[in-house]
J.: 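One structure follows; several queries about it will come next.
Order of the sequence lines fixes the chain letters, A, B, ..., with proteins taken first and strands second; residue numbering starts at 1 for each chain. Atom set for the values below is all heavy atoms of this structure, side chains included, hydrogens, waters and symmetry mates excluded.
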There are 2 protein chains.
Amino acid sequence: MRRQILDRALRLFAEHGFKGTSLHDIAVEARCSKASLLYHFAGKDAILAELLTPPAESLTALSGELAVLDGDRAVEPAVTGFIGLALRFHLEVKIIFAELPDMLNHPVLAVIPQAVDQLADALAGRSQEPRARVRAQMVIGGVAVTVASDVEVEPDTMRTELVQGALRTLGRPTS
Amino acid sequence: MRRQILDRALRLFAEHGFKGTSLHDIAVEARCSKASLLYHFAGKDAILAELLTPPAESLTALSGELAVLDGDRAVEPAVTGFIGLALRFHLEVKIIFAELPDMLNHPVLAVIPQAVDQLADALAGRSQEPRARVRAQMVIGGVAVTVASDVEVEPDTMRTELVQGALRTLGRPTS
DNA sequence: GTCAGGGCTGACCGATCGGTCAGCTACGGT
DNA sequence: ACCGTAGCTGACCGATCGGTCAGCCCTGAC
């Protein structure tokens with residue numbers, strides 16, 4: 001039942017946004033009562049937090065791995081690692097980019113922005129130049145939006161093209 | 001007063017999202033009563049529609065200009081034109097990318113997706129190849145997210161770097 | 001048989017939402 | 001001096017929101 005609730009809530013949040021989805025909507029989709037949702041979860045926020053915990057932890061883990069690599073060597077792992085996570089959690093990515101700004105009160109979600117900042121740092125090759133920061137931001141946005149959109153492409157084609165596209169964006173021709 | 005309302009509503013919608021902003025919030029920010037909002041506008045949706053009409057019209061106009069250009073020649077104008085619009089309407093871009101999916105009922109907003117599709121078509125150089133579609137989507141997402149984010153960069157640096165980054169993403173080295 | 005407790009529910013609550021309405025105020029035309 | 005009207009407001013409305021609570025049902029232990 002918990003699984004069912006989380007599964008349906010994930011789809012609804014991704015489609016209509018967090019604020020755009022009511023507990024009633026989730027209950028109908030999961031074929032249970034609204035009160036049942038609140039038996040399994042402390043509240044609506046708790047459902048979102050539990051949904052976004054796996055991608056948040058994976059992202060912070062990636063940031064940790066990248067932190068030990070210096071400048072140039074961090075770029076390619078950052079690209080492939082981020083794209084891997086984005087593809088794996090594409091629905092969660094859609095939720096995060098849609099309405100994260102308000103949800104930052106919750107401790108689980110608060111770690112996401114700083115992890116993204118560290119990711120941007122790695123993508124920029126530890127450079128503080130404005131031009132490098134812009135490139136990094138373009139990669140993050142491009143990957144996130146593309147993964148969240150419903151372009152009909154085979155998964156491996158999508159992955160390779162995202163990686164190559166990101167590397168070109170950063171001015172790093174494909175090796 | 002209308003100007004005041006639209007100005008404050010734009011900022012609030014961009015910051016907290018459309019659903020995340022109440023008429024009360026706008027009224028407080030605009031220093032007037034909630035009833036006054038609904039004297040000037042037919043409803044909350046009408047405020048959003050009026051805010052998004054200028055960028056929507058500009059976008060459809062750009063699509064029209066690009067439609068008469070064939071394949072290769074459409075790419076660069078598409079890049080520079082889209083980036084120009086995105087920079088000019090950066091707050092509106094943030095609103096659109098955050099919660100457009102639900103608002104498509106309104107006729108003013110319904111034209112946006114098809115205009116974006118035509119833009120993607122031009123960015124892909126009229127190619128139907130999956131790889132080209134992915135690249136185009138990456139450019140749209142990268143530009144939109146970068147413009148909507150608050151990276152602190154001088155406007156002209158931002159513009160030139162966005163254009164060059166987009167062209168690199170598309171595999172078109174800067175001329 | 002019975003009892004305890006986890007899973008679940010309908011009924012209900014206060015808060016807040018978008019929106020309506022009668023009426024107040026200020027002011028320009030005659 | 002009078003009036004029409006544009007601008008604006010407080011009070012109020014029904015709907016919907018997230019969340020609470022007493023209690024029902026079922027099953028497994030003894």
Side-chain angles (χ1 to χ4, degrees), chain A residues 1-53 92 94-96 98-110, chain B residues 1-53 91-92 95-96 98-110:
Chain A
M1 185 79 262
R2 270 182 67 97
R3 298 281 183 184
Q4 177 100 344
I5 292 172
L6 287 174
D7 184 59
R8 305 298 176 162
L10 176 59
R11 293 183 210 279
L12 287 172
F13 287 163
E15 190 171 358
H16 306 291
F18 179 70
K19 295 194 194 69
T21 303
S22 70
L23 293 178
H24 175 73
D25 296 335
I26 303 174
V28 169
E29 202 72 13
R31 291 182 223 287
C32 71
S33 72
K34 191 179 66 171
S36 181
L37 300 182
L38 296 155
Y39 167 77
H40 288 290
F41 300 93
K44 194 186 179 188
D45 290 357
I47 300 178
L48 179 67
E50 188 151 331
L51 284 175
L52 297 189
T53 293
E92 290 86 347
K94 198 167 184 177
I95 299 172
I96 291 173
E99 343 195 19
L100 188 82
D102 291 337
M103 303 287 125
L104 299 185
N105 304 330
H106 208 289
V108 175
L109 313 184
Chain B
M1 184 79 264
R2 270 182 66 97
R3 299 282 184 183
Q4 177 101 344
I5 293 172
L6 287 174
D7 184 58
R8 306 298 177 162
L10 176 59
R11 292 184 210 279
L12 287 173
F13 287 163
E15 190 171 357
H16 305 291
F18 178 71
K19 295 193 193 68
T21 304
S22 70
L23 293 179
H24 175 74
D25 296 336
I26 303 173
V28 169
E29 202 72 14
R31 292 182 221 287
C32 70
S33 72
K34 191 179 65 171
S36 182
L37 301 182
L38 296 155
Y39 167 78
H40 288 289
F41 300 94
K44 194 185 178 188
D45 290 358
I47 300 178
L48 179 68
E50 189 151 332
L51 283 174
L52 297 189
T53 293
L91 287 178
E92 290 86 346
I95 299 173
I96 291 174
E99 343 196 17
L100 188 81
D102 291 337
M103 301 288 125
L104 300 185
N105 304 329
H106 207 291
V108 176
L109 314 184

J.: Starting at CD1 of A/Ile47 and ending at P of D/dG18, how long is that distance when rounded to a whole Å?
T.: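 My rounded result for the distance is 10 Å.
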J.: Return the value, rounded to whole Å, for the distance between atom CG of B/Leu38 and atom P of D/dC12.
T.: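 Atom CG in B/Leu38 sits about 18 Å away from atom P in D/dC12.
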J.: Report the distance from atom CG of B/Leu37 to atom P of D/dT9, rounded to the nearest whole Å.
T.: 9 Å
J.: Can you tell me if the side-chain N/O atoms of B/His40 get under 4.0 Å from OP1 or OP2 in D/dC8?
T.: yes
J.: Determine: side-chain N/O of B/Tyr39 to OP1/OP2 of D/dC8, distance under 4.0 Å, yes or no.
T.: no
J.: Between B/Ser36 and A/Thr21, just flag the one whose closest nucleotide in DNA chain D comes earlier from the 5' side.
T.: B/Ser36
J.: Find the distance between OG1 (B/Thr21) and CG (B/Leu10) and round it off to the nearest 0.5 Å.
T.: 10.5 Å
J.: Rounded to the nearest angstrom, tell me the gap between atom NE2 in A/His24 and atom C1' in D/dA15.
T.: 13 Å
J.: Take the protein atom CD1 of B/Ile5 and the nucleotide atom C1' of D/dT9, then report the distance between them rounded to whole Å.
T.: 13 Å
J.: Whether A/Arg11 and A/Glu29 form a salt bridge (side-chain N of Lys/Arg under 4.0 Å from carboxylate O of Asp/Glu) is what I want to check.
T.: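 A/Arg11 and A/Glu29: not salt-bridged.
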J.: Less than 4.0 angstrom between a side-chain N/O of B/Ser22 and OP1 or OP2 of C/dC17, yes or no?
T.: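 Yes, such a contact exists.
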J.: Taking all non-hydrogen atoms of both residues, which atom of B/Ser33 and which atom of B/Ala27 are closest, and how far apart?
T.: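 The answer is C-CB, 3.7 Å.
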J.: Taking N and O atoms by type only, does the side chain of B/Lys34 place a donor or acceptor under 3.5 Å from a partner on the base of C/dG19?
T.: yes
J.: When you look at CZ of A/Arg31, are more than 12 heavy atoms from neighbouring residues, nucleotides or ligands closer to it than 6.0 Å?
T.: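 For A/Arg31, atom CZ is not crowded (no more than 12 foreign heavy atoms under 6.0 Å).
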J.: Please state how far atom CG in A/Leu23 lies from atom P in C/dG10, giving the value in whole angstrom units.
T.: 15 Å
J.: Which nucleotide in the list C/dT20, D/dG19, C/dC8 gets nearest to the side chain of A/Lys44?
T.: D/dG19
J.: For A/Arg31 and C/dT9, give me the distance from atom CZ to atom P, rounded to whole Å.
T.: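 Spelled out: CZ on A/Arg31 to P on C/dT9 is 13 Å.
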J.: Here's a test for you: under side chain to side chain contact (heavy atoms under 4.5 Å, CB included), which of A/Leu48, A/Leu52, A/Ile96 qualifies with A/Phe18?
T.: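 Filter result, single survivor: A/Leu48.
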J.: To the nearest angstrom, how far is B/Leu12 atom CG from C/dC17 atom P?
T.: 13 Å
